[in-house]
K.L.:
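Just dropping this structure here.
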Amino acid sequence: MPIDSASMAPRHATPRLAVASATIALAVLIAGTGAGTAGEPRVGSAAQPERREPTVDLIKTLKLPPGFAINVFARGLEHPRMLLVTDDGSVLVTRPQQNDVLRLRDTDGDGVADKPERIVKDLEMVHGIALRDGQLYLASPKAVYVTPLDGGQDARPHPIIQNLPDGGQHPNRTLGFGPDGALYVTVGSDCNDCKETNPENATVLRADPKTGERRIFARGLRNTIGFGWHPKTKELFGMDHGSDWRGNDLPPEELNHLQDGKDYGWPYVYGKRVIDQVSDDPPGTTKAAYAAKTEPSALEYQAHSAPIGMVFYTGSQFPPDYQGDAFVAFHGSWNRDPPTGYKVVRIRFDDGRPVGFQDFVTGFLAPDGKSQFGRPAGIAVAKDGSLLFSDDSNGVIYRVTYRKESP
């Protein structure tokens, strides 16, 4: 059923911490929680930048590398989240708060989407999305569904994976098909830093897309939403969220090289096997002994930046040195003062190995940190090689293009 995008006035989600519209900073000192003896006190600040509408003038202030330009691909989408580009160039977007999936087409090639079409409806908190052999795979907090891509919005997606852990603090599951043909499902932690009772929490699962049979692929991952396989090495990388209430700069957000059977440390260890002094000891061992058996991070980024979508660049429009690099959408902090994130960042790879981060689209966050007009979420490479990313707080999808500068 077509939707008139002009009639879809944005509604804005309640922030994770209820605060006034203006920036509020609150220093807190909280005793440790959980079973056993807590470690160091929890320290942190809550700062919620005031949300501003993304006006034409504000969008013009965004900063990109030379030769790159940005435009609004679609607006009025309420809360667009994860993106997927189909073989025919259509852009699919999940909307967890609207319980649906939209399809966007640019039929005249002007870089702006036509009116959106709803292709899936009434799927509670649908978030993750993947496509294989004409079948659309969709993740809600406790299940993964499949439906024909062209089945029409009256098609009823049927579950192939059920009884995933309760959503808890991190209900947004993401999906991806690996080079091995398996379906990978991320399951965030139930809490900030607890001992999980369900072993599938804080993991990446590997599943058979036909039978739904699944197992734990990697564990010790607090909330890895964005992940992907390097186009040349076929190795899996993902961005993980560090725990809250450790102060402004700890623990870092992590880029991890995700490998079968490995443990990445949460909630006892972070980064390059650094012991978390706040969390309780792991059962039956010490943190130091536990840390020695975990995998260190591949790269680290500013704490509380909140990485959401991640995609490797496989298009041909950007300069050649972007091939094999990745992009990450940083949603932005709430547990840091001054705030951080609210931008899109490039991850530089050298011969398949990650070597550093580089700002790519910045300016959504005001220099004083008191306001913002964009929270990047999903991200994808379009058929023409442009980069698309969603802003789930303002109902916008942006499009980044490159034009070689004249000598």
K.L.:
Are Asp359 and Lys343 ion-paired here, with the side-chain N under 4.0 Å from a carboxylate O?
P.N.:
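Yes, charged N to carboxylate O under 4.0 Å.
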
K.L.:
Under 6.0 Å between ring centres, would you say that holds for Phe389 and Phe327?
P.N.:
no

K.L.:
Report yes or no: do Asp114 and Thr107 form a side-chain donor-acceptor pair below 3.5 Å?
P.N.:
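There is such a pair (donor and acceptor under 3.5 Å, judged by atom type) between the side chains of Asp114 and Thr107.
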
K.L.:
Is there a side chain to side chain donor-acceptor pair (under 3.5 Å) between Tyr270 and Asp240? Walk through the geometry before answering.
P.N.:
CA-CA 10 Å; Tyr270 60 80; Asp240 197 42; over 6 Å; no

K.L.:
For the residue pair Arg219 and Thr203, confirm or rule out a side-chain donor-acceptor distance under 3.5 Å.
P.N.:
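No, no side-chain donor-acceptor contact under 3.5 Å.
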
K.L.:
Taking the six-membered ring for Trp, are Phe360 and Tyr313 ring centroids under 6.0 Å apart?
P.N.:
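For Phe360 and Tyr313, the ring centres are not under 6.0 Å apart.
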
K.L.:
Distance-only check: which donor-acceptor pairs under 3.5 Å involve side-chain atoms of residues 134-144, not counting sequence neighbours?
P.N.:
from: Ser140; atom 1: OG; to: Ala143; atom 2: O; distance (Å): 3.3
from: Lys142; atom 1: NZ; to: Asp166; atom 2: OD1; distance (Å): 3.0

K.L.:
May I have all residue pairs that pass disulfide (SG to SG under 2.5 Å) and include part of residues 175-253, sequence neighbours excluded?
P.N.:
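For residues 175-253, and leaving out neighbouring residues, the disulfide (SG to SG under 2.5 Å) pairs sorted by first residue read Cys191-Cys194.
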
K.L.:
State whether the side chain of Asp244 and the backbone N or O of Asn335 hold a donor-acceptor pair below 3.5 Å, judged by distance alone.
P.N.:
no

K.L.:
Please tell me whether Ser189 and His170 have a donor and an acceptor in their side chains that are separated by less than 3.5 angstrom.
P.N.:
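Judged by distance alone, the side chains do pair up.
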
K.L.:
Which pairs, with at least one residue in residues 277-317 and sequence neighbours excluded, count as a disulfide (SG to SG under 2.5 Å)?
P.N.:
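Residue pairs passing disulfide (SG to SG under 2.5 Å), neighbours aside: none found.
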
K.L.:
Between Arg81 and Asp392 (salt bridge meaning N to carboxylate O under 4.0 Å), is one present in this structure?
P.N.:
yes

